[in-house]
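Reading through the C-alpha cells given below for one structure.
Residue numbers begin at 1 in each chain, while the letters A, B, ... track the order of the sequences. Since we're looking at a predicted model, the values are computed, not measured.
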2 protein chains.
Amino acid sequence: MPGARPTSRDVARAAGVSQSTVSLVLGGKWEGRISPATAGAVRAAADRLGYRPNLAARSLRLGTTRTVLLMIPTLSAPFFGAVHAGAARVAAEHGFGIVVLPWPDDAGPARSPFAAPHEAIDGILASSLAVEAVARFPGTPAVMLDSDPAGPTPTVDFDVAGGMAALAAHLGALGHRRVGHVAAAIDQWTFRARGEALAAAVRALPGGSYRRAAGPLTVGGARAAALGLLDAPDPPTALVCDDDAMAAGAYKAARARGLAVPGDLSVTGFDDDQLATALEPELTTVRLPAAELGARGMAALLELLGGGAPAPVSLPGRLVVRGSTAPPPHDRRTGGIPGA
Amino acid sequence: MPGARPTSRDVARAAGVSQSTVSLVLGGKWEGRISPATAGAVRAAADRLGYRPNLAARSLRLGTTRTVLLMIPTLSAPFFGAVHAGAARVAAEHGFGIVVLPWPDDAGPARSPFAAPHEAIDGILASSLAVEAVARFPGTPAVMLDSDPAGPTPTVDFDVAGGMAALAAHLGALGHRRVGHVAAAIDQWTFRARGEALAAAVRALPGGSYRRAAGPLTVGGARAAALGLLDAPDPPTALVCDDDAMAAGAYKAARARGLAVPGDLSVTGFDDDQLATALEPELTTVRLPAAELGARGMAALLELLGGGAPAPVSLPGRLVVRGSTAPPPHDRRTGGIPGA
DNA sequence: CCGATCCAGTCATACGTATTACCAACGGTG
DNA sequence: CACCGTTGGTAATACGTATGACTGGATCGG
C-alpha cells in the first residue's frame, strides 16, 4: 500500500535500523548515541519516504500537544489577523502550533464530544472579548490580551490609557475644551480604562468638560450615541470614539446634522484599522501594535507553560494624526468671533 | 492525584465495570450488549468524574481526526467570520471540528515539525485565495470555495457572474452606458469571472462600453486604478468595483477629481461587508451569502469524505441598492439627453 | 591478558482509546 | 440431562511514538 502514510517503522526498515533509532534521530536527541553516518541515513530515508510524524501518537505519548488556542471574538477585524500573525511567529519559533477559535461565534463552540480540536490544547491566549469563554477551560494555563491586569490571569495589554491621554492632549493643543466620548457599551476592562483615562485627561485641560454616550460597538450604534451628544445643549467640538468603526458612525452623525469634519467637528478613532484610511477625511486615531500584542502574549504564555510567572506587559500605542481633527470652530453661542 | 485528567479506566473503576464497557456505552454502540442499568451507571460515573475522552488517543486508534481545516486568506474580513460560522454549524452537526488556518499569513504556515495542528486533519475547505496552499496537502480531500468549478477539486461557488450581471442591469436601467471596472489584479477564477461577466453584460447594453483598470485589492490600489479610468478621455459615468474596499478607493478618486457620488459618478461594490454601510454615501453592492458558502462547502466536504462526489454548487448573490448609484449626469460632451 | 568503559544501537513498554473475539451464566427444549 | 441460543459483559490487542533499560562488541588502562 504505497498510498498509506509512512510511519517511523517504515523509515526504520528503509534505513536498516530500528524504530527507536529513527525516533532518536528525528527527535534531535542522538548526539553521542547514534553515529553521524547512521543519522544521515535515517534522515535521507525519512525524506525519501516523505515521512511526517503522526501527531496523535506523539501527543498521546508525550501528554502534551504543543498547541495553543487563540480565542478571538470574531474573525471580523484585520486587527486580529495581525495578532494572530505575531503570535504564530513566536509560537513557531518554539515548536508550538496555534488553533484559532472564533468566540463568541454565531455557531457557538462546537460542543460535539467527538471532534473538538480546541480541546486538545496546552494553553490559551484569549482576547479581552473572550474573557468569560476562558472559564470553559478550567485548569488550562491562560494569558489574557488587552484585559484587566489586576485579574488572576497574566495579561499583555495595550496602554489604552496612554493612547487616550495622547488623543486628549492632541485635541487640547488644537484648542478643544468640550469633548464628547462615543463609548462602546461593553463592560470590559479595555473600554472602562479608555473611558476613565479620557475623562481624566479632558478634565485636566483648563476649562475642559467631558461627556459620554455609549452604544453598541457598531457603526449604527455609534451614530445614535454621537447624535445624542451633538443634540445636547452646549455640544462638544470633538468626538473621541472607542474604535474606528464607531468613528465612522460619528461621521454619519455629523453629516446628519450638517457639520463638516473636521471644520465643525473633530473626530478621532482607536485601533487604526482599514477603515481609518478608507473614510473621508482620513481618521486621526491611535495605532495599536496588534502583531506585538500577539507576539508578547504568546511569549508570556510560553513562559507560563514553562512554569514561570510572566510579568504584566503594557504596549504603548502611537498617535496617528490625519485629517479628521482641526481647531474647533469659533463658538457661535457666545458670539465668539470678533465682529460676527 | 485528583488533579490529573480522568481516563476511561478511571470511569470504569468508579462504575465497577471494565474499560471496554465504558467505551461501548459512551460510544453509543451498546444497544443489545450492555444492560440499560449498567449503561446508566457508567454515564453517571463519567459525569461525576468530569470525564472527557482523550482526543489524541482516539485519533490514534481511529486513524481519523474528525477535524477539517478551514483555510482563509486572512482574519481580516467579517466575511470570513460568516463563512466560518456557517461551516462550523454544519461540522458540529456531524461531529466534526474546525481548525482555522489564516493563509497566506505574514508568518507563513508554522513549518515546525513539532506542532502543526493544521496537519492533523481529515479534509480541507479552502477559500479561493488559498488555492495554491492546498497543494501543500497532497492527497487530502479538499473542497474549494469560490473557485474555478472546472478545476479538479469540487467547488462551492458564488454566482459572481450573476451578481455582476445584476449590477450591470441596475446601472443600465439608470441610464449608464460607459462603465468602468475597478478590478482586483489577482489572477483567480472569482475575479476573472467577475470581469468577464461584467464586460459581457455591459457590452450587451445598447451603446454600452466597458473599460477596465486593475490594481491591488486595497483602498489605495483602487484609488489609483479609478483615477486612471476617470482621467481617460470620455470617462465612465459608473465605476463597478470588485470589492467594497475597492469602492472606498473609488470614492477617494471621485473626491480627488471633484466628482460627487452618486450625482456625478455612480460607484458599486461587491460583498456587502462592514465598509458598505460605513461609507458615505452607503454603497450599492452585491451581498454574498457567506455563511451559506461555509455551510454548503462543509456539507460538500463531508460528502467527499464519505466517499461521495459532491455536485458543484453556485450560490446567488443579492443586489443591495443603497445611495451610491443614481442616473448619470447629463452628458456634457455630446449633450446626449433627448431635447437638451 | 583481563576487567572496566564506552560506543552505537536495540528492546520493551506505556500513553488512552475502540473494537473484535471470547466467555460465563441462564433459560428453554427435546 | 445434554444441548443451544441469548444476555451481559470482559480480555486482549493495535494504533505510532518517545524513552529508559539494556546489550554486543570494541577500546583502553593496568
Side-chain angles (χ1 to χ4, degrees), chain A residues 1 4-43 45-46 49-67 95 113-116 119-120 122, chain B residues 1 4-43 45-46 49-67 95 113-116 119-120 122:
Chain A
M1 271 242 256
R5 204 173 167 183
T7 73
S8 62
R9 218 173 305 265
D10 296 327
V11 176
R13 206 168 304 139
V17 299
S18 76
Q19 181 267 332
S20 7
T21 303
V22 172
S23 187
L24 286 173
V25 170
L26 266 37
K29 327 206 153 170
W30 56 281
E31 321 241 355
R33 302 176 53 96
I34 308 293
S35 78
T38 314
V42 167
R43 268 197 263 269
L49 297 185
Y51 169 71
R52 308 244 65 204
N54 180 311
L55 262 35
R58 197 202 305 258
S59 294
L60 178 58
R61 172 69 227 246
L62 296 181
T64 191
T65 58
R66 291 186 86 79
T67 292
F114 266 87
E119 290 195 358
D122 289 348
Chain B
M1 273 245 255
R5 204 170 168 183
T7 74
S8 63
R9 217 172 306 262
D10 296 326
V11 175
R13 206 168 305 138
V17 299
S18 75
Q19 181 267 332
S20 8
T21 303
V22 173
S23 188
L24 286 173
V25 170
L26 267 36
K29 327 207 153 167
W30 56 280
E31 322 241 353
R33 304 176 53 92
I34 308 291
S35 79
T38 314
V42 167
R43 268 197 264 268
L49 297 185
Y51 169 71
R52 310 243 63 202
N54 180 312
L55 263 36
R58 198 204 299 261
S59 294
L60 178 57
R61 172 70 227 249
L62 296 179
T64 190
T65 58
R66 291 185 86 78
T67 292
F114 266 86
E119 290 196 356
D122 289 348

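- Across all strands, B:V17 comes closer than 4.0 Å only to sugar-phosphate atoms, never to a base (heavy-atom distances).
- Straight-line distance from the NZ atom of A:K29 to the C1' atom of D:dT17: 12 Å, rounded to whole Å.
- Within the structure, the salt bridge (charged side-chain N to carboxylate O under 4.0 Å, His left out) test picks out no pair touching residues 27-41 of chain A (sequence neighbours left out).
- For B:E31 and D:dG8, the CD to P distance is 13 Å, given to the nearest whole Å.
- The nearest whole Å value for the distance from the CG atom in B:L26 to the P atom in C:dT17 is 10 Å.
- Residues meeting the side chain to side chain donor-acceptor pair (under 3.5 Å) test with B:T38, sequence neighbours left out: B:S35.
- Checked against side chain to side chain contact (heavy atoms under 4.5 Å, CB included), A:A41 has no partners two or more places apart in sequence or in another chain.
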What's touching nucleotides 11-16 of chain D from the protein side, N or O pairs under 3.5 Å?
{"from": "D:dA11", "atom 1": "N7", "to": "B:S20", "atom 2": "OG", "distance (Å)": "3.3"}

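- For B:S59, the side chain to side chain donor-acceptor pair (under 3.5 Å) test picks out no residue, with sequence neighbours left out.
- Contacts of B:S23 classified as side chain to side chain contact (heavy atoms under 4.5 Å, CB included), with partners at least two apart in sequence or in another chain: B:Q19.
- With hydrogens and angles disregarded, a donor-acceptor distance shorter than 3.5 Å links the side chain of A:R66 to the backbone of A:G95.
- Whole-Å rounding puts the A:L24 CG to D:dG20 C1' distance at 11 Å.
- For A:D122, the side chain to side chain donor-acceptor pair (under 3.5 Å) test picks out A:T64, A:T65, with sequence neighbours left out.
- Taking A:R13 as the reference, A:R9, A:D10 meet the side chain to side chain contact (heavy atoms under 4.5 Å, CB included) condition, with sequence neighbours excluded.
- Using a 4.0 Å cut-off on heavy atoms, the residues of residues 32-41 of chain B that approach DNA chain C are B:R33, listed by number.
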